[in-house]
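Okay, so here's the structure we're looking at.
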Amino acid sequence: MSSHLFALVDVNNFYVSCERVFAPKLENVPMVVLSNNDGCTVARSAEVKALGVKMGTPWFQIKDLAKTHGVLAYSSNYTLYGDMSNRVVEVLRQFTPNLEVYSIDESFLQIDAVMKHYTDPTHLGLTVKNRVKDWTGLPVCVGIAPTKTLAKFANHLAKKHPQWQGVCDLSTMTKQDLHQWMTEVSVDEVWGVGQKIAKRLQLMGIKTVFDLLQISPQVMRLQFGVVMERLCYELRGVSCLKLEEVSPPKQQIIASRSFGKLVTSFNELSESVATHIARAAEKLRLQNSVTGAITVFIQTNGFMRGEPQYAQSIVVPLPDPTDDSLELTAAAMSGLSKIFRGGFRYKKAGVVLNLLSDKPVVQQSLFEDMEAKGQSAELMKTIDEINTRFGSNLIKSAAMGTKQAWVMRSDNRSPSYTTNWNQLPIAY
DNA sequence: TCTGGGGTCCTAGGACCC
DNA sequence: TCTGGGGTCCTAGGACCC
């Protein structure tokens with residue numbers, strides 16, 4: 001098996017750092033960046049994190065604390081952040097073309113092929129970090145490991161332990177040291193473990209990353225599903241998640257906003273929906289795409305207990321796929337009129353453009369068809385693997401549709417196992 | 001004894017991410 | 001009083017067809 005080496009490069013406190021590049025006097029000043037309507041904190045400086053302010057905390061809840069500690073608050077400027085993000089990626093591309101832009105402030109680099117230019121992975125990491133700082137003014141941390149999930153973990157360690165100067169390489173670490181670090185980090189820090197799963201893990205007595213490492217991936221598969229199974233393999237150093245160099249085409253475009261004030265009338269809602277359609281349609285044309293159906297949704301403020309709640313959405317199919325604002329607006333209005341109810345105070349409205357997939361329309365399902373299309377080898381392998389893992393002839397046949405692959409159990413309870421075709425674990 | 005069974009598409013909802 | 005916006009993937013189950 002070929003072994004990989006991934007580096008995750010992540011800008012520290014991205015939005016805050018962007019603001020600081022253009023206003024150096026903000027360096028070391030406690031500050032936050034706020035979301036739309038100045039509702040939530042979406043970025044916190046290190047000083048504010050140290051005060052215990054969590055990501056996403058509503059601004060009104062920390063206003064007093066902010067006053068006491070002289071915390072400055074900035075409204076967000078996404079144009080600026082997008083521009084800075086591009087600059088960082090340009091610098092990273094100097095190191096390798098094998099790069100995945102994972103989010104506005106994070107990129108994965110596959111670095112095995114370029115390691116020969118460096119004394120060790122840490123050397124590469126430090127070089128990356130320093131060059132990004134020199135060329136963009138932004139501070140980054142680098143996590144290096146044989147899988148993406150472990151690289152995430154390494155990045156987390158790099159951020160928490162300044163003595164490493166922002167670079168943490170797990171690939172050359174001894175097993176004992178790695179396990180020691182894993183016992184010191186809570187399992188909810190793992191990439192892919194959110195609130196709900198963390199809670200269930202807690203109940204099972206799994207508290208640290210190391211605890212999770214002790215459970216076999218097959219067992220976790222039965223309890224939690226295929227995503228968790230992959231995660232467990234990744235923690236063990238078995239790479240299941242590939243580098244996604246070319247970002248797949250979007251499946252949907254969303255435009256939505258909360259209202260500054262609650263609104264009650266159809267007219268107010270229709271005005272905002274029209275605005276959202278205009279923004280979404282612009283994005284749509286920008287990527288030369290068309291939509292075959294749009295979703296319109298409206299909702300009241302779920303935080304207001306005791307207030308009558310209403311949330312509804314509707315899918316409006318379009319007779320012909322289009323990117324035309326007028327047609328889309330007309331469709332959206334007809335949808336809105338169907339879901340609008342008077343007597344409620346609305347907080348949010350939005351639209352979703354459902355993009356047409358360029359995947360083949362249905363491939364008739366049976367296995368022989370796949371054989372003809374030359375897709376059976378991989379499928380057979382997968383079936384074998386599943387049968388081996390579950391210790392019996394669980395799988396009878398398999399098929400593939402537009403979005404999913406599924407397999408039939410030999411006991412005819414079907415479909416027992418469906419999964420996104422491209423997302424099957426690729427290594428064991 | 002067992003009320004048809006297999007195949008496909010679609011939607012809703014849950015979970016996660018930044 | 002005041003609680004973001006934009007995405008992805010996976011699964012279960014209903015509708016429908018023959």
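A, B, ... follow the sequence lines: proteins, then strands. Residue 1 opens every chain. All of these numbers come straight from a predicted model, not from anything done at the bench.
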*Should the pair A/Glu47-A/Arg20 be classified as a salt bridge under the 4.0 Å nitrogen-to-oxygen rule?*
yes

*Using the ring of each side chain (for Trp, its six-membered ring), is A/His4 parallel, tilted or perpendicular to A/Phe6, with breaks at 30° and 60°?*
tilted

*Are A/Lys159 and A/Asp10 close enough for a salt bridge, meaning some N to O gap below 4.0 Å?*
yes

_Short side-chain N/O contact to B/dC16 OP1/OP2 from A/Arg230, under 4.0 Å_ = no

*Base, sugar-phosphate, or nothing for A/Val315, non-hydrogen atoms under 4.0 angstrom?*
nothing

*asked:* I'd like to know if A/Lys148 pairs up with A/Glu100 as an ion pair, taking the criterion as any Lys NZ or Arg NE/NH1/NH2 lying under 4.0 Å from an Asp or Glu carboxylate oxygen.
replied: yes

*Phosphate OP1/OP2 of C/dG4 contacted by A/Ser258 side-chain N/O (<4.0 Å)*: yes

*asked:* Between A/Arg44 and A/Asn13 (side chain of the first, backbone of the second, donor and acceptor by atom type, cut-off under 3.5 Å), is there such a pair?
replied: no

*OP1 or OP2 of C/dG6 under 4.0 Å from side-chain N/O of A/Lys348*: no

*With respect to the phosphate group of C/dG5, does any side-chain polar atom (N or O) of A/Lys283 fall under 4.0 Å of OP1 or OP2?*
no

*Side-chain N,O (A/Ser256) to OP1/OP2 (C/dG6) below 4.0 Å*: yes

*Please work out which of the three classes, parallel, tilted or perpendicular, describes the rings of A/Phe344 and A/Tyr310, given edges at 30° and 60°.*
parallel

*Would you write the dot-bracket representation of DNA chain C, where each base gets (, ), [, ], | or . depending on whether it forms a Watson-Crick or G-U pair under 3.5 Å and with which partner?*
....||||||||||||||

*Using the P atom in both, what is the distance from B/dT3 to C/dC18, to the nearest Å?*
23 Å

*With ring centroids as reference points, do A/Trp191 and A/Phe108 lie under 6.0 angstrom apart?*
yes

*asked:* Under 6.0 Å between ring centres: does that hold for A/Trp181 and A/His156?
replied: no

*Which residues in residues 77-104 of chain A have at least one heavy atom lying under 4.0 Å from any atom of DNA chain B?*
A/Tyr102, A/Ser103

*Assign A/Asn301 to base, sugar-phosphate, or nothing according to its heavy-atom contacts below 4.0 angstrom with the strands shown.*
sugar-phosphate

